[in-house]
Every structure is written in structure tokens, then in C-alpha cells.
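None of these values were measured; they are calculated from a predicted model. All values below were derived from every heavy atom in this structure, side-chain atoms included, with hydrogens, water molecules and symmetry-related copies excluded.
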Amino acid sequence: MKVHHLGVPVEELTSSVDIYERLGFQVVNRFTLGEEKIAFMEKNEWLVELIESPDSLQGHICLEVKDASEIPAEAVWIEGPFRMDDWSSSFYQLGEEVIEWLIVEETKKG
């Protein structure tokens, strides 16, 4: 298990992207998911997900795991899975924390 990214709710995505760029981060992905506008920003080994949403959001940590067996049994599913390219992720409540678990599919050799 390793930290994949930190999810940060923002008021206005464009101005937040500008701030992170001034800090040396670069946009590596930008897209809309439902009503949420999302930008992934990267600097060195750090990946930050900026999220503009009409809903009140809580920040989150995303943990990359090999498979769902690494998700604690007491974690309560909130939403997902969301699938993109070679990964899927789901959000869970664990105590008072929201944690996103991301599973990266291994490339099949043919």
C-alpha cells in the first residue's frame, strides 16, 4: 500500500491551479466527472487532486493497493468504483476519515 495522491477541495479550480503552478506543480490531467471539475497536479513525487464541486467536499487521501483485500473490513463504502484507463477507485469511510482506495490493473502480456 502506498499514498497515490491527496484530494483537496477548492472553491475555484482555475485560480487554485494557478496557485499550485506558482509553487512548481504542473497539470498532468484535467477533466470533468459529473458536476466536479478536477485537475491533477504533480511536483516531484507529489500528486495532488484539486476538486471544484457544487457539493461540500471533505479532503481525502488516496491509497494505492494491489487488490480490494487490502481494504479494511470495517471500512464503509461511500461511492464508486470509478474506472479510468488502467485503474479503478472507490471511496470509503473509515472512522471520521474519507479514504479513496485505488487499484491499478496490471498490464496483461500477450
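Contact annotation: the side chain of Glu36 approaches that of Leu57 to within less than 4.5 Å [non-hydrogen atoms, C-beta and beyond]. In this structure, Tyr20 and Val10 have side chains that are not in contact, with every pair of non-hydrogen atoms separated by 4.5 Å or more. Using a 4.5 Å heavy-atom threshold, the side chains of Ile38 and Arg30 count as separate. Side-chain contact check for Pro81 versus Trp101: every heavy-atom pair is 4.5 Å or farther apart.
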Practice problem: Please lay out, stage by stage, how Phe25 and Ile19 fare under the test side chain to side chain contact (heavy atoms under 4.5 Å, CB included). | Solution: CA-CA 9 Å; Phe25 284 78; Ile19 290 167; over 6 Å; no

Exercise. Kindly indicate, with the supporting measurements, whether the criterion side chain to side chain contact (heavy atoms under 4.5 Å, CB included) is fulfilled by Val8 and Ile51.
Key: CA-CA 6 Å; Val8 179; Ile51 310 161; over 6 Å; no

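Cluster annotation: Leu47 is connected to Leu102 through the hydrophobic network of ILVMFWY side chains, with a link wherever side-chain heavy atoms come within less than 4.5 Å. When the side chains of ILVMFWY residues are joined at heavy-atom separations under 4.5 Å, either directly or via intervening members, Leu50 and Trp46 end up in a single hydrophobic cluster. In the hydrophobic clustering of this structure, Ile71 groups with Met1; members are Ile, Leu, Val, Met, Phe, Trp, Tyr whose side-chain heavy atoms approach within less than 4.5 Å, directly or through other members. In the hydrophobic cluster analysis, where Ile, Leu, Val, Met, Phe, Trp and Tyr join through side-chain heavy atoms closer than 4.5 angstrom, Leu63 is grouped apart from Ile78. Leu33 is connected to Met84 through a chain of hydrophobic side-chain contacts under 4.5 Å among Ile, Leu, Val, Met, Phe, Trp and Tyr, so both are in one cluster.
In plain terms, the two heavy atoms of Arg83 and Ser88 that are nearest each other are NH1-CB, 3.4 Å. Here the shortest heavy-atom pairing between Glu21 and Val27 reads OE2-CG2, 3.9 Å. For Ile103 against Ala68, the heavy-atom pair with the smallest separation is CD1-N, 3.6 Å. Taking all atoms of both residues into account, the shortest heavy-atom contact from Trp87 to Val104 is CB-CA, 4.1 Å.
Separating the CZ atom in Phe40 from the CG atom in Asn29 is a distance of 7.0 Å, to the nearest 0.5 Å. Interatomic distance, CD of Glu96 versus CD of Gln58, reported as 8.5 Å (0.5 Å rounding). The distance from the OG1 atom of Thr14 to the CD atom of Glu52 is 7.0 Å, given to the nearest 0.5 Å.
Among residue pairs with one or both ends in residues 67-77, those qualifying as side-chain hydrogen bond (donor to acceptor under 3.5 Å, both in side chains) are Asp67-Ser69; sequence neighbours excluded.
Judged by distance alone, with hydrogens and angles left aside, the side-chain atoms of Lys37 form no donor-acceptor pair with the main-chain N or O of Leu13 at under 3.5 Å.
Other residues, nucleotides and ligands place more than 12 heavy atoms under 6.0 Å from the CD atom of Glu45. For Glu79, the CD atom counts as densely surrounded, since its 6.0 Å shell holds more than 12 non-hydrogen atoms of other residues, nucleotides or ligands.
Evaluation of the ring-ring contact (aromatic ring centres under 6.0 Å, His included) rule for His4 yields no partner, not counting sequence neighbours. Evaluation of the side chain to side chain donor-acceptor pair (under 3.5 Å) rule for Glu100 yields His5, His60, Ser89 as partners, not counting sequence neighbours.
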